[in-house]
Every structure is written in structure tokens, then in C-alpha cells.
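The structure appears below as C-alpha cells.
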Amino acid sequence: MSDKDIRRYSKIVVDGDEQAPSRAMLRAVGFTDEDFGRPQVGIASTWSMVTPCNMHIDGLAEAAASAADEAGGKGVIFNTISVSDGISMGTPGMRYSLVSREIIADSIEAVAGAEGFDGLVAIGGCDKNMPGCMMALARLNRPAVFVYGGTIKPGIKRRDIVSVFEAVGARSSGKISADELLDVERTAIPGPGACGGMYTANTMASAIEAMGMSLANSSAQEAVSEQKREDCRRASAAVVNLLENDIKPSDILTREAFENAIAVVIALGGSTNAVLHLLAIAREAKVALELDDFTRIGAKVPLVADLKPSGRYLMSELIEIGGIQPLMKRMLDAGLLHGDCLTVTGRTLAENLADVADYPAGQDIVRPFDDPIKADSHLSILYGNLAPDGAVAKITGKEGLTFKGTARVFHAEEEALQAILDDKVGAGDVVVIRYEGPKGAPGMREMLSPTGAIMGKGLGSDVALITDGRFSGGSHGFVVGHVSPEAAVGGPIALVEDGDTIEIDAEANEIRVDLSLEELDQRRRAWRRPPSAVQGGALAKYRGAVSSASEGAVTVAPEWGDGTQGT
């Protein structure tokens, strides 16, 4: 490390006679005299035992802290929360999932701001703590690197968490026995790591690497591997280098970097949640990004990775052939990525990819661009009289590109799931699940339980599902989420009735209900928002502050004003 003082924030906390109390407190947690002159690197750990996604991150945080010390800094570990989508899915607890993203971002900001960390390593391993970490890093704008906690190993017979959700539907229709369901349950999750397909965690890890905020291959390492521990060690050394060169997230998180992230998500067949999270991270980074950017980029980027949930392969199998780096090199060579974007290595994306080798011959996980799975994006941004502000569909083409059917309306996920399991939903139905949006739930629950049941019953091509909620990255089939405006604010989805005809067209990017303007206006005048059982606590605070899904479902602080009014 150079001799120049790169302690922009920590010196305020530890320098001078007046900060003797601060130093006294820090000595108790292991600081030495020498440490007070080192830049402090906060290690934001999302470790907990509430989910396998994060159960190993304590060890990764220790590795990162030690490496920070070796690089000339002082690593300080602190924790933030995590909730498990897989465990809370289909229950009222799922309301807290997206809410936790905001809590995580706020908590990292609070600790880093209070303690005066000069730089940060954030280690996330599950769906919401990853974008939550990134939102905080963008907001704080201090030299930082994100580390992905890593993907889980496959279960027996290449099972994963989605195998369990779909087995529930198969069991309810008599396709498998109770013992077979129990066998799937017992063998799908073999240990630490995030869910194994191109679901939300692996999608966001890939997006973060593509935008330059992670080191190469951070997205493509198993949770339990020496490569992942080395990733943590290298990340801390990288933060010290960023401090020395005064490279901050604002230098990396440009509009072009977000466009790179979107392009990679599309090529990989990633989760619809990436739309929500990239919009939210962009807002913190003060980058203008909107739904239509996904359509614009999606028109020229093909879907080429044959990954679960709609494809055949798991993330661990992509890792075996080189991860996403060879794909990014192909995309750069094809003009689909901005190569001049700065990254946390201190070099540009093109420089990072210069020596990356292509995938081995004979692999069929990542297809060539001239023989894609789909010639354009699987993420379709739909508009129409049912979603004036937009909706997000995940349509790979395997389900078809259009669907016209009859509305079956439900006011909650549980009602819809029970109807599906009881065989009250059949071919030609469009399941409408409403009052599950950011304000309506509140919390915008994921609909993996009903979509998993539909797939498990063999109705994936015969039934569509639309919601103002959202989907797990493990959801597949003919599904449309993020319908905006949501039902709770009187959006058109609140006005749909059983028997209405709904048409979804992924080619024209439209979603419509076959009703006249006069009929919609008449129903709107009669509409009343149902009462909510949530009257206080974090969910109520979130409901009062959250924006539309079309804007990333971020919480928006009220304006303070200029002080010229009042006393």
C-alpha cells in the first residue's frame, strides 16, 4: 500500500485527542495502535442460519477480513439480516421478502455511516440481500466490491428447491406418492448455497458481475469451494486498490454498466426479479433506467443459455464449463456489451475479458448466437388496458407467444393455490392473483407456489397466470407479473371479474382485458379497496413509502422542504 492517507471517513472517527473514546471502544474489539492509521474496510456479512443460502457466509466474511488486514487495511465484520424466500414462500411471511431488501440497504448504510468505514466488501447469498447490498454500496458511494456467496450443489437426481414446489403439484394430482414427495423433500437441498438454477440469486450475481461490481467469476463459484474463499480474499485486496486509486461505485455504475447487466441477464434467461432490482439499484446510483430499456436491449440480445427453470441445466454445470465469462467475451465480440466500462479491478470490462477462453467444444449449455433458444429477450415488458404502466412477462417461447383465456380471479395467493390443487383451474384459464403488489400485500409476494403447482399438474402450456405480485426466479410457464398500477391503488387489474377474456401477446408486447372503456369506468366507480389486516409495524411503514413496481418498488422518503414554511 502507498504512503498516502486514504482514510477519507475513518480518520474522522479515530484521529485526534477528542476521539480517544472512539479508540478506546475499538481497542476492545481488537484494534491496535497501528490499525488506527489503516483504512477501515467494512465487511458486510449476510450470515445467518435461517437459510442454506447464507449459512456459510460467516467463514467467507472471516476470509475477507483477514485479507483486508494483509492488504494494508483493517477489516471489520458486521452483519445485516436475511430472510428466506424459499421457506416463507406461499405464507404470509413472504410479505417481508421484498421489504427486507430495503431494510438491508438501510442497515448497511447505517453501520457504514456511523462507523466511518472507508471501503466495503459486501457478501450476499440470497435473493434480496444481494440487491440490498448493491443498493447500499451505490448509495454510500465508497470504494466497494460485492461478493456472491455462491450457488448450491445439485441434490440427488439433479434436484433443487423448484423440484420440491413442482412435486407438491404432482402429488396433488396423484402423479407421485407421499413417499416420493418426501424423498424429493429430503434430497433437494444438500447443503450451503443459493438455489441452483438461473433463479434470482444466480441471476443477480451474474448481473452484478456484468456491471463491474464483482471480480471475474464471482457469480460462477459454488458456495462450498476454495474458489469462493479466494474470491473473498481477492475482493478485500481489490477494495484497498480502489481506495488508493479513488475509484468509487459512481465511477463504475454508469448507464452503460446497467445495459451490460440487462444484456447478460437476457442471454442467461434470468429472473423477472432482475427488472425490479436493477431499477432499484439504478435509482440509488442516480442512473436513469426504465422498463422500456429492457425492451430496447432485449430486441437485439438472444437467449442462449439452456438453464433451469425453463431449461435443462443447473448453475453448477455452467460453472464446470467456465461460468459467464466466456459468454460475456462472446457478447463483447458481437457488439452486445460496452467494453469501455470501468470495473472493480481498476480495468475496463474489455481488458478483463481479453484473455478469456471460449467454452469447451461439444458443450450444449450455452448455444451460439446464430442458433439461440430465442432470438430476442424472454423478458417481455407488456402494456395495455390491463397494465397501463407496464407488466413483466417471462416467456421463453416454449409456452407459446400468445395466450387468450378466461379470467379466474383471486384476491390472494393462498386462494389461487388451493383452487389449483383442488383441480378448480383448468385449460384455457387465466389465473388472476391481485392485491399482492408492493402496497397491496404489502410486500409484493412471489408466486412460486401457484406456478409450481400449475407446472406440477402438467398445465404449464394450458394455463396463464397474471399478478400485481411478482415471481420467484424458479417460476416458469406463461406468467406475467408486476402488473402496474397494482390493484391496491385501483389499477385495472382490480376491475377484472371472473369470466372476462384476457389476451396476452408477447410479440406485440400487449396485455388486455376485453372490456370497453365505458365498462372499465363503471367498474372503477364501484370499486372499493378491501381492508388490510396490516395496520402497523414494518409492513405498514413500507406500504406508506413504497413506489410502483414499474419504478423498482423502492421506498421513497417524503420531501423535507426548504424550511420557509411553518415555525
Side-chain angles (χ1 to χ4, degrees), residues 46 48 50-51 53-54 79-110 124 126-133 135-136 139 200 272-273 275-277 279-281 283-284 389 410-417 433-450 467-472 475 481-491 493-494 527-558:
T46 57
S48 72
V50 303
T51 169
C53 307
N54 297 67
N79 268 81
T80 185
I81 66 162
S82 184
V83 303
S84 172
D85 290 4
I87 294 171
S88 63
M89 196 74 69
T91 75
M94 187 64 193
R95 292 170 173 164
Y96 287 94
S97 170
L98 191 57
V99 176
S100 76
R101 185 189 72 178
E102 312 303 307
I103 296 172
I104 290 161
D106 290 350
S107 68
I108 293 174
E109 176 201 349
C126 199
D127 293 9
K128 303 309 168 301
N129 55 58
M130 299 171 67
C133 286
M135 290 166 68
R139 187 186 301 171
T200 302
T272 54
N273 280 316
V275 178
L276 203 68
H277 297 326
L279 289 172
I281 298 167
R283 181 179 180 275
E284 297 291 356
D389 293 343
F410 303 94
H411 281 202
E413 176 189 1
E414 290 87 350
E415 296 175 15
L417 176 61
I433 306 178
R434 62 192 181 195
Y435 298 107
E436 293 287 11
K439 291 181 179 292
M444 204 177 180
R445 292 197 291 177
E446 292 181 346
M447 302 294 138
L448 181 55
S449 293
T467 180
D468 53 5
R470 58 196 176 94
F471 296 110
S472 160
S475 292
H482 308 202
V483 173
S484 302
E486 62 175 292
V489 298
I493 192 173
W527 174 79
R528 298 292 182 271
R529 182 171 53 236
S532 173
V534 174
Q535 297 298 318
L539 293 178
K541 292 178 185 176
Y542 180 86
R543 181 175 58 204
V546 71
S547 68
S548 167
S550 64
E551 299 173 344
V554 294
T555 49
V556 181

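Atoms considered below: every heavy atom in the structure, side chains included; atoms not considered: hydrogens, waters and symmetry mates.
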Hey, are the side chains of [X] and [Y] touching, using non-hydrogen atoms and a 4.5 Å cut-off?
X: Arg470; Y: Met447; value: no
X: Pro450; Y: Glu413; value: yes
X: Leu98; Y: Tyr542; value: yes
X: Glu446; Y: Thr272; value: no
X: Val83; Y: Met94; value: no
X: His482; Y: Met444; value: yes
X: Glu486; Y: Ser548; value: no
X: Val534; Y: Arg95; value: yes

Point-to-point distance, once rounded to the nearest 0.5 Å, from [atom1] of [X] to [atom2] of [Y]:
X: Ile104; Y: Asn79; atom1: CD1; atom2: CG; value: 11.0 Å
X: Arg101; Y: Met130; atom1: CZ; atom2: CE; value: 13.5 Å
X: Glu436; Y: Ile493; atom1: CD; atom2: CD1; value: 10.5 Å
X: Asp468; Y: Arg445; atom1: CG; atom2: CZ; value: 11.0 Å
X: His411; Y: Glu414; atom1: NE2; atom2: CD; value: 13.5 Å
X: Met135; Y: Thr555; atom1: CE; atom2: OG1; value: 6.5 Å

Could you tell me which non-hydrogen atom of [X] sits nearest to which non-hydrogen atom of [Y], and how far apart they are?
X: Ala412; Y: Ile433; result: C-CG2, 3.8 Å
X: Ala549; Y: Leu279; result: O-CD1, 4.3 Å
X: Met89; Y: Ser472; result: CE-CB, 3.9 Å
X: Glu551; Y: Ser547; result: OE1-CB, 3.3 Å
X: Trp527; Y: Ala494; result: NE1-CB, 3.5 Å
X: Asn54; Y: Cys126; result: OD1-CB, 3.3 Å

Could you walk me through whether Val556 and Arg283 pass side-chain contact (heavy atoms from CB on, under 4.5 Å), step by step?
CA-CA 11 Å; Val556 181; Arg283 181 179 180 275; 4.0 Å; yes

When you check the side-chain N and O atoms of [X] and [Y], is any donor under 3.5 Å from an acceptor?
X: Thr200; Y: Asn273; answer: yes
X: Thr46; Y: Ser82; answer: no
X: Arg543; Y: Ser532; answer: yes

Would you sort out whether Leu448 and Phe471 count as a side-chain contact (heavy atoms from CB on, under 4.5 Å), showing the intermediate values?
CA-CA 6 Å; Leu448 181 55; Phe471 296 110; over 6 Å; no

Step-by-step side-chain contact (heavy atoms from CB on, under 4.5 Å) determination, Leu539 to Val99
CA-CA 7 Å; Leu539 293 178; Val99 176; 3.9 Å; yes

Would you say that more than 12 heavy atoms from the other residues, nucleotides or ligands in this model lie under 6.0 Å from the OH of Tyr96, or not?
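No, OH of Tyr96 has 12 or fewer neighbouring heavy atoms, counting only those of other groups under 6.0 Å.
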
Spell out, as yes or no, whether a donor-acceptor pair under 3.5 Å connects the side chain of Asp106 to the backbone of Ile103.
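Absent.
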
Taking Arg529 for the side chain and Ala488 for the main chain, is one N or O donor matched with an acceptor at less than 3.5 Å?
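Yes: the side chain of Arg529 pairs with the backbone of Ala488.
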
Could you go through the side-chain contact (heavy atoms from CB on, under 4.5 Å) check for Val554 and Val546 one step at a time?
CA-CA 5 Å; Val554 294; Val546 71; over 6 Å; no

Walk me through whether Asp85 and Ser97 qualify under side-chain hydrogen bond (donor to acceptor under 3.5 Å, both in side chains).
CA-CA 6 Å; Asp85 290 4; Ser97 170; 2.6 Å; yes

